[in-house]
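Note that this is a predicted model, so its numbers are computed, not measured. For the single chain, residues carry numbers from 1 onward in sequence order.
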Amino acid sequence: MMQGRDPKRKIFLIATEESGDRLGSALMKVLRQRLGDGVQFVGVGGRTMAREGLETLFPIEELSIVGFAAVVQQLPKILRLIRETAKAVTEAAPDALVIIDSPDFTHRVARRVRSRSPAIPIIDYVSPQLWAWRPGRARTMLGYVDHVLGLLPFEPEEYRKLGGPPCSYVGHPLVEQLPSLRPNAMEQKRRGGEPPVLLVLPGSRRSEIRHHLDVFGAALGRLRTQGRAFELMLPTMPHLESTIREGVANWPVKPQIVIGENEKRAAFRIAHAALAKSGTVTLELALSGIPMVTAYRVGAIEAFILRRAIRVSSVILANLVIGKDVIPEFLQEECTPEQLAAALAELLTESPLRREQVDAFARLDQIMSTGNKSPSVLAADIVLATMRKGRRAS
């Protein structure tokens, strides 16, 4: 451990989304435990990192931009913030720069910092999805990233094959949250009870919700007209509540809308099956042991680009971690009420599809294990080791 006589360390962190803010906060907490009062945190972050002592350069809400058109309109502002952030890093001359997710922003900052101040060690927390598309990024990252902290167990091997920087699997933050995802005896009884609880998860951004709500509602209506009984629950966050309520107003089956993270986890613990938009939530559902059907719809321009770029057999995170496509996915024109309803009907019975998913999800704890250390502790260990190496090099 680095304590006592060491001079005060300065660590610059950049996180521009809520998920990155939570990761950054957990990392800061462990680094402070290791370094005591001998550490100073500067950079960009949200409310959670602020509570750990970070003074942010600008509110991360300034980068809450979704959709191609919106990005184009806001491009001058985004480029200005990239320049200003890179300048702040080089002026601060920290012992390490930790960039957290949001690669379109953070990697542009990192490249500028490396060209101006090559002695600053740079750690990338959360790998870009180069295993899914744009694999050439791995070699490019070798020029400005010293170490990648991967959330998924297959990522270190991908970096090795693609010739990228060193990558270590530190574990997904969901691994630390398993108790809140797993049912107790009473909740397990409800999970197996009648009518089955069916979750619907249309996305965490307004653009995603707009793309999925109508087709999801039609699929659920079709399921009900086929005589399937189910209790429908739709978890969402407070800032999306009005969008959700407006979007489900004309659904033929009315969901119970539950608001907030704790309420969402409570719904997960009693759910029998789920219809979900592709994303991190698929891994959350899988760790909860909930069989699912997944879908993904985007705008025409994004679909055109993605079709030519995707290099994996599945876009479902849980499928990639398991190493087998056990979760059905319906993308773009395949995302129809008929196909979604047919797949959901299978999950509401003890079908081979349901059994295959349940058996595969039971292996996830072993696949994603980080031993006896939490992800934030493993991440902090590598940040400190990279700092020491960087200080010797300078």
Side-chain angles (χ1 to χ4, degrees), residues 16-22 61 63-71 101-102 104 126 129 132 173-174 181 198-221 232-251 253-261 263-265 267-268 271 273-288 290 292-303 305-306 310 314-320 327-337 339-341 343-344:
T16 68
E17 293 188 10
E18 283 187 30
S19 56
D21 182 46
R22 290 192 295 271
E61 289 75 19
L63 288 169
S64 299
I65 302 162
V66 178
F68 182 76
V71 169
D101 211 353
S102 309
D104 289 337
V126 186
Q129 294 183 344
L174 286 171
L181 292 168
L198 177 59
L199 295 182
V200 57
L201 299 146
S204 58
R205 294 186 170 105
R206 288 183 177 84
S207 60
E208 296 172 343
I209 291 166
R210 284 193 294 270
H211 282 304
H212 297 105
L213 272 188
D214 286 348
V215 68
F216 280 14
L220 295 163
L232 191 62
M233 299 184 78
L234 197 164
T236 191
M237 293 297 126
H239 67 286
L240 297 170
E241 182 180 359
S242 60
T243 302
I244 291 290
R245 291 197 184 278
E246 183 182 333
V248 304
N250 295 318
W251 275 17
V253 187
K254 294 295 184 284
Q256 177 189 344
I257 298 170
V258 295
I259 312 296
E261 189 65 30
E263 289 74 9
K264 182 186 90 169
R265 295 292 172 88
F268 273 43
L275 170 59
K277 174 246 145 192
S278 170
T280 304
V281 75
T282 65
L283 194 55
E284 200 171 0
L285 289 165
L287 286 165
S288 304
I290 304 168
M292 73 196 87
V293 171
T294 62
Y296 194 58
R297 273 186 167 184
V298 292
I301 295 173
E302 291 169 88
I305 295 168
L306 288 172
I310 295 292
S314 173
V315 298
I316 307 301
L317 268 185
N319 280 344
L320 294 170
I327 301 164
E329 52 193 314
F330 299 94
L331 313 178
Q332 288 304 103
E333 63 274 359
E334 291 183 355
C335 179
T336 65
Q339 296 219 70
L340 295 179
L344 282 169

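Closest non-hydrogen pair, L340 versus C335, comes out as CD1-SG, 4.1 Å. The minimum heavy-atom distance linking L199 with A267 is given by the pair CD2-CB, 3.9 Å. Scanning both residues, P255 and W251, for their nearest heavy atoms gives CD-CE3, 3.9 Å.
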Can you list, pair by pair, the side-chain donor-acceptor contacts under 3.5 Å of residues 275-287, counting residues two or more places apart and other chains?
residue	atom	partner	partner atom	Å
K277	NZ	E208	OE2	3.0
S278	OG	V315	O	3.4
T282	OG1	G279	O	2.8
E284	OE1	K264	NZ	3.1
E284	OE2	K264	NZ	2.9
E284	OE2	R265	NE	3.0
E284	OE2	R265	NH2	3.2

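The ring-ring contact (aromatic ring centres under 6.0 Å, His included) check on F216 picks up H212, with sequence neighbours excluded.
With a 6.0 Å radius and a threshold of 12 heavy atoms from other residues, nucleotides or ligands, E246 has its CD atom at or below the threshold. Within 6.0 Å of CD in E18 there are 12 or fewer heavy atoms belonging to other residues, nucleotides or ligands.
A heavy-atom distance below 4.5 Å is not found between the side chains of P202 and T236. Counting heavy atoms from C-beta on, the side chains of K254 and V248 never come closer than 4.5 Å.
Here CG of L213 is found 5.0 Å from CD1 of I244. Values are rounded to the nearest 0.5 Å. Interatomic distance, OG1 of T243 versus NE2 of H239, reported as 8.5 Å (0.5 Å rounding). Of the inter-residue distances, the one linking L240 atom CG with I259 atom CD1 reads 9.0 Å to the nearest 0.5 angstrom.
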**Report entry** side-chain contact (heavy atoms from CB on, under 4.5 Å) between V215 and F330, intermediate numbers included
**Finding:** CA-CA 11 Å; V215 68; F330 299 94; over 6 Å; no
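If you run side-chain contact (heavy atoms from CB on, under 4.5 Å) between V253 and each of L198, V200, L232, only L232 comes through.
The pair R22-E261 does not count as a salt bridge, with every side-chain nitrogen at least 4.0 angstrom from each carboxylate oxygen.
Each salt bridge (Lys or Arg N to Asp or Glu O under 4.0 Å) pair with one or both residues in residues 232-242, not counting sequence neighbours, appears once here: E241-R245.
With E263 contributing its side chain and V258 its backbone, the two residues share no donor-acceptor pair below 3.5 Å.
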